[in-house]
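Remember, it's a predicted structure, so these values are computed and weren't measured experimentally. For ligands, and for the atoms within them, numbers begin at 1 and follow the listed sequence.
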Amino acid sequence: MKVGFIGLGNMGAPMADNLVKVGHEVVAFDISEVRIEGAVRAEDAAAVASGADAIITMLPNGTILNSIYSEVVPHCPEGCLLIDCSTVDVDSALQAHRRAAAANLLSLDAPVSGGVGGAEAGTLTFMVGGSADALELGSPLLQAMGQKTVHCGDAGAGQVAKICNNMLLGITMAGVCEIFNLGDKLGLSRQKLFDVVSTSSGACWSMNTYCPAPGVGPSSPADKGYAPGFAASLMLKDLNLSQQAAAGVQAATPLGALACSLYSEFAEAGGADRDFSAMLLHLGEKQLEAHS
Ligand code: NAD
């Protein structure tokens, strides 16, 4: 397929690279001077639309997404599929779908889970919102960039699933960090706490797979000085999106709100660029402050 790709950052560049590797013809654009080997670089966003079978976007937020769609959609040929893989607020995702529909184009919201490692390895999970026809058309592209696709429902459903998953991740990571902090203060070995919880009813991905305590459990960013991985700033972005969506439908998400304020505090205290599991360090310092 001839694929336009807009947004070649930490995630977009390896995703575009994987499309090139399986033989798709990729025309790519980013406001910075990134180049993908084997892909043609377009001069501006609208230029990626020329002759495109599909256009994929991987951008920072919904405002940028919709400004890009307003530039690109009028230049899309008939039958061109629009796939947005960015994580954006639900309203912006719906607006992007409406823009596509007004031009008679099929579209998907398809945010991802799996991070930069998953983007590089082509093992992302796509959470997809949009019609079955659009998904059928886009499947070969999603398969080239990921290993799993879940069709979550109509337009916007992918973004809803993404913010729900990441809100839970923020809550469980904060919870796991809290119990390590409590165990520390009560003199319990971190390894023993891991051995118990990871095989008991408290088991969860944040403990078992991505343990925030260095030297405990499988290898994780904690073992590499908390280099991300998944930066606290990105967790904060997703928690903010979850709270914005919750406010819009008056859903009670008290733990999501607490996780959001904890990550906001951590980011302000200098943690934004550290892995989100470094919340363990932040809680340790908070406790010390409270007692000094
Ligand atoms: P990034 O900041 O590395 O990349 C964004 C890219 O978009 C940059 O290269 C930037 O130059 C480009 N860009 C910005 N405005 C543009 C414009 N007007 N036209 C063209 N290009 C423009 O971010 P990332 O980590 O690649 O994340 C991209 C999206 O994926 C975000 O929505 C993020 O929330 C989501 N996401 C990221 C991760 C992760 O681990 N990094 C995981 C899952 C989802």
Side-chain angles (χ1 to χ4, degrees), residues 4-18 26-36 39 41-49 55-73 75 82-90 92-93 96 108-128 142 145-148 150 158-170 173 205 210 220-221 226-242 244-245 263 267 272-277:
F5 204 112
I6 304 173
L8 303 166
N10 294 321
M11 296 291 291
M15 288 165 71
D17 196 36
N18 282 330
V26 177
V27 178
F29 175 71
D30 193 291
I31 43 171
S32 71
E33 281 292 315
V34 198
R35 278 178 197 279
I36 305 291
R41 191 177 194 284
E43 281 313 305
D44 55 40
V48 307
I55 294 174
I56 300 176
T57 40
M58 195 49 169
L59 295 161
N61 60 51
T63 308
I64 295 176
L65 170 68
N66 274 295
S67 103
I68 287 287
Y69 268 34
S70 69
E71 276 178 64
V72 173
V73 168
H75 297 275
L82 296 165
I83 306 178
D84 177 46
C85 295
S86 330
T87 304
V88 303
D89 59 285
V90 178
S92 293
L108 297 171
D109 52 294
V112 303
S113 151
V116 177
E120 286 169 352
T123 56
L124 294 169
T125 293
F126 290 94
M127 296 153 246
V128 180
L142 301 184
M145 300 183 290
Q147 68 181 7
K148 191 169 182 196
V150 180
Q159 296 295 349
V160 174
K162 168 78 188 176
I163 54 172
C164 286
N165 180 71
N166 279 25
M167 186 176 93
L168 181 59
L169 176 61
M173 181 54 78
W205 188 88
Y210 206 94
S220 70
Y226 296 100
F230 186 51
S233 57
L234 288 173
M235 174 48 82
L236 179 58
K237 171 190 167 180
D238 293 353
L239 286 167
N240 274 318
L241 291 178
S242 76
Q244 189 183 333
Y263 273 98
D273 296 331
R274 307 198 82 174
D275 188 76
F276 80 118
S277 60

Is [X] in polar range of ligand 1, meaning some N or O pair under 3.5 Å apart?
X    : result
D30  : yes
K237 : yes
G229 : no
N61  : no

Under 3.5 Å, is there a donor on one side chain and an acceptor on the other for Y69 and D84?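 Their side chains do not contain a donor-acceptor pair, so the 3.5 Å distance test is not met.
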Looking at non-hydrogen atoms alone, which of L59, V48, D44 comes nearest to atom 31 (C) of ligand 1?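 Looking at heavy atoms only, L59 sits closest to atom 31 (C) of ligand 1.
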Looking only at protein heavy atoms, which one is nearest to [atom], and what is the separation?
atom                    : result
atom 35 (C) of ligand 1 : T87 OG1, 3.6 Å
atom 40 (O) of ligand 1 : G115 CA, 3.6 Å
atom 37 (C) of ligand 1 : M11 CG, 3.6 Å
atom 30 (O) of ligand 1 : M58 CE, 3.1 Å

What atoms of ligand 1 come within less than 4.0 Å of a heavy atom belonging to L8?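 Here the atoms of ligand 1 in question are 9 (O).
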Which of the atoms in ligand 1, numbered in the order shown and given with their element, are less than 4.0 Å from a heavy-atom of I68?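 Within the 4.0 Å cut-off of I68, ligand 1 contributes 17 (C), 18 (N), 19 (N).
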Using a heavy-atom cut-off of under 4.0 Å, does the side chain or the backbone of [X] touch ligand 1, or both, or neither?
X    : value
L234 : side chain
N10  : both
E71  : neither

Got a sec, which residues hit side chain to side chain contact (heavy atoms under 4.5 Å, CB included) with A42, two or more places apart in sequence or on another chain?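 Partners of A42 by the side chain to side chain contact (heavy atoms under 4.5 Å, CB included) criterion, ordered by chain and then number, come out as V27, F29, A47, V48.
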Kindly say whether L169 contributes a backbone atom to a donor-acceptor pair with the side chain of N166 at under 3.5 angstrom?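 Such a contact is absent between N166 side chain and L169 backbone.
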Keeping the roles fixed (side chain from N240, backbone from L236), state whether a donor-acceptor pair exists under 3.5 Å.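 Side chain of N240 to backbone of L236: a pair is present.
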From E33 CD over to L8 CG, what is the distance, rounded to the nearest 0.5 angstrom?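 These two atoms lie 11.0 Å from each other.
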Is the shortest distance from atom 23 (O) of ligand 1 to a protein heavy atom below 4.0 Å?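 It does not; no protein heavy atom is within 4.0 Å.
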Residue of the set L108, D109, V150 for which side-chain contact (heavy atoms from CB on, under 4.5 Å) holds with V128: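 That would be L108.
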